Amino acid sequence: MELLDPDGGIHRELDPAHVASEVARLEAEVAPRWVWRDTREWAPVLLDAGVRVARCHDLRLCGAILASSTAVAGARPVVRDRPDWLPVGPAEGALETTVPAAASVDHGPALFEVEPEAGPERAARPSAAELVVEHDRQVALAEASDRPSAMRLLLAAESAGALIAAELHAAGLPWRRSVHERVLEEALGPRPPVGRKPARMDELAARVRRELEAPSLRLDSHADLLRALRAAGIGVDSTAKWELREHEHPAVAPLLAYKRLARLLSANGWAWLDEWVVDERFRADYVAGGTATGRWATSGGGALQLPKAVRAAVVADPGWSLVVADASQLEPRVLAALARDPAMAAAGRGRDMYRSIVDAGVVATRDEAKVALLGAMYGATTGDSGRLVPQLGRAYPRAMALVDRAARDGESGRQVTTLLGRSSPLPPPSWHAAQAAASQPDATAIDERRARSSARDWGRFTRNFVVQGTAAEWALCWLAGVRTRLTALSSAAGGPPAVASGAVFERAPHLVYFLHDELIVHTPSEMAEAVADAVRESAAEAGRLLFGEAPVEFPLDLTVSESYASAEP
DNA sequence: GTGTATGGCGCG
DNA sequence: AAAGCGCGCCATACAC
């Protein structure tokens, strides 16, 4: 079914409240899948009006995946006709693909198209007819891909992610300002007047100056600090803390303490609290599909880098609880399942994969197992990790072959692709230039070394891409599953209807945080156990969706508590 | 003044 | 011990 207005599908003058009620009505009547250019144009408007939609197809995000995917049929470097009203997606690679001829698909879903909040930089708004054509084109590409069911799943998950990102912003993470202030005061002392450093930092700085005999040293200047350290006989090559830690000088301890406090102050101090926490909610700007691998990014607020120290401020409302869950050892489990490595999958069946690797006699300690596995996925060549990787390779040859193959592909400038079909970007022109320079007859040893080094760098990126990207797909499916189940839970409990006059999240359990392999649901306490079950069921379902009945498990560490901090392991 | 590069560090 | 992936943000330094 399609919903178009009499002027050809453009609700140019429509009152936002009217749009919302139309959408709400259709949600209730036909549960459509909304097709729009960009979820960021519509989801915030609808959420403001208290309306949630169940499903959508985000043409921008899906178009970006399809444009660069090697899994799309006829992927050849030829020009394709992608409409210019479709902004380039975040992960769009340089590879162009052909559109299958005679694309004929039954597109089924509803289409709704309204005037976007036109930013000055935004391309001309598409007509409804153009949206239909583009949607057909994308569906046709997905159907013609190597594994249509996988690509359909990826596009659905990516679109669901876009909706969830908007909802996370609308809901906000419950944030207890008083708790955060207490954390700051305990660490830094009372809030200083503007332009002054906190007392605790001043004291530490004075001690560092005294110990270094540098009375006018500014600790915030790396160059000055490095000079002063070296003048005091501390043989460091940088001011980094892991280097400082190696030295036994009375200035080191106060300096490290100063740096820790400086970081807390600048990243999550009082200014951050004033800017980002409003009405006891932290509203981050999530960027779904914001990284090459498909992980999300954020812009502003640093929501993906919340230091452990301030997580104590994440506290459920009275009568509510937080369900905090993370997928333990997600990436190694994904590698085992992806490679269909039977020995590694056996290790991935238990709760502690690293322990199982030790029990299988591959390495001696749990810590070695962890370091070796991370080294295999990241491409470590030196140190403890590099030394242990070969042992891992002998025990798990298929898994090792998968990541080694991905690395070789990247080193040769080829794309690699995740399980569901997201492909890595091609290396930039500067990379190709470096490779070309090294193959010239007059190439210098430096040219060759640079080319080899950048080839290896890119190989490490593609090596990790297949694992991190597939793990991101698992996480998106998990997240989408949780969202669907929470909706079902709240309707079963007589929760809010689609329209709840701006209070979509007031009475129902809802997602409030997502961090790569971790999520938080804020829920009325009496529903917490049901929510926990929904979260666990969704994880199991994500495993089945990606890997079928593969013999790898994806166990969660899950806690029901009042505060994020008390949910930490 | 605005923009970019770099070091450093927080998270997964 | 500080390599080996993906990010964002802050402060400083330096360009224009």
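What's counted below: heavy atoms across the whole structure, side chains too, no hydrogens, waters or symmetry copies. Not measured: the values here are computed from a predicted model. Just so it is clear: chains get the letters A, B, ... in the order the sequence lines come, proteins before strands, and each one is counted from 1.
Side-chain contact between M151(A) and I65(A) is present, with at least one heavy-atom pair separated by less than 4.5 Å. Here the side chains of V310(A) and W175(A) are in contact, with some heavy-atom distance below 4.5 Å.
Put simply, T298(A) has no side-chain N or O that comes within less than 4.0 Å of OP1 or OP2 on dG8(C). For the OP1/OP2 pair of dG8(B) and a distance below 4.0 Å, the side-chain nitrogens and oxygens of S238(A) include at least one atom meeting the criterion. The shortest distance between the side-chain N/O atoms of R460(A) and the OP1/OP2 oxygens of dC5(C) is below 4.0 Å. At the phosphate of dG4(C), neither OP1 nor OP2 sits under 4.0 Å from any side-chain N or O atom of R387(A). For dG10(B), the OP1/OP2 oxygens have no side-chain nitrogen or oxygen of K308(A) closer than 4.0 Å. Contact check, S385(A) against dA3(C): no side-chain N or O comes under 4.0 Å of OP1 or OP2.
The aromatic rings of H180(A) and W272(A) sit tilted relative to each other, their planes meeting at an angle between 30° and 60°.
Looking at K197(A) and D202(A), no side-chain N of the basic residue comes within less than 4.0 Å of a carboxylate O on the acidic one, giving no salt bridge. Residues R483(A) and E167(A) are paired through a salt bridge, judged by an N-O separation under 4.0 Å between the basic side chain and the carboxylate.
Nearest to the side chain of R245(A), among dA2(C), dC7(C), dA3(C), sits dA2(C). For T293(A), the listed nucleotide lying nearest its side chain is dG6(C); candidates were dA11(C), dG6(C), dA2(C). Out of dC7(C), dG10(B), dA11(C), the shortest distance to the side chain of A297(A) is found at dC7(C). Taking the side chain of N464(A) as heavy atoms from C-beta on, and the options dC11(B), dC5(C), dG8(C), the nearest nucleotide is dC5(C). When distances run from any side-chain atom of S266(A) to the nucleotides dA2(C), dC11(B), dC10(C), the shortest one goes to dC10(C).
The partner of dG8(B) is dC9(C), by the rule that a Watson-Crick or G-U pair needs both atom distances under 3.5 Å.
Scanning atom types as modelled, one donor and one acceptor separated by under 3.5 angstrom connect the side chain of R263(A) and the base of dC9(B). No hydrogens or angles were tested; on distance alone, nothing pairs the side chain of R463(A) with the base of dG4(C) as donor and acceptor under 3.5 Å.
As judged by a 4.0 angstrom heavy-atom cut-off over every strand, G386(A) is placed among residues making no nucleic acid contact. Among the atoms of the strands shown, none is found under 4.0 Å from any heavy atom of A267(A). Across all strands, L330(A) comes closer than 4.0 Å to no nucleic acid atom at all (heavy-atom distances).
For dG4(C) and dG12(B), the C1' atoms lie 15 Å apart once the distance is rounded to whole Å.
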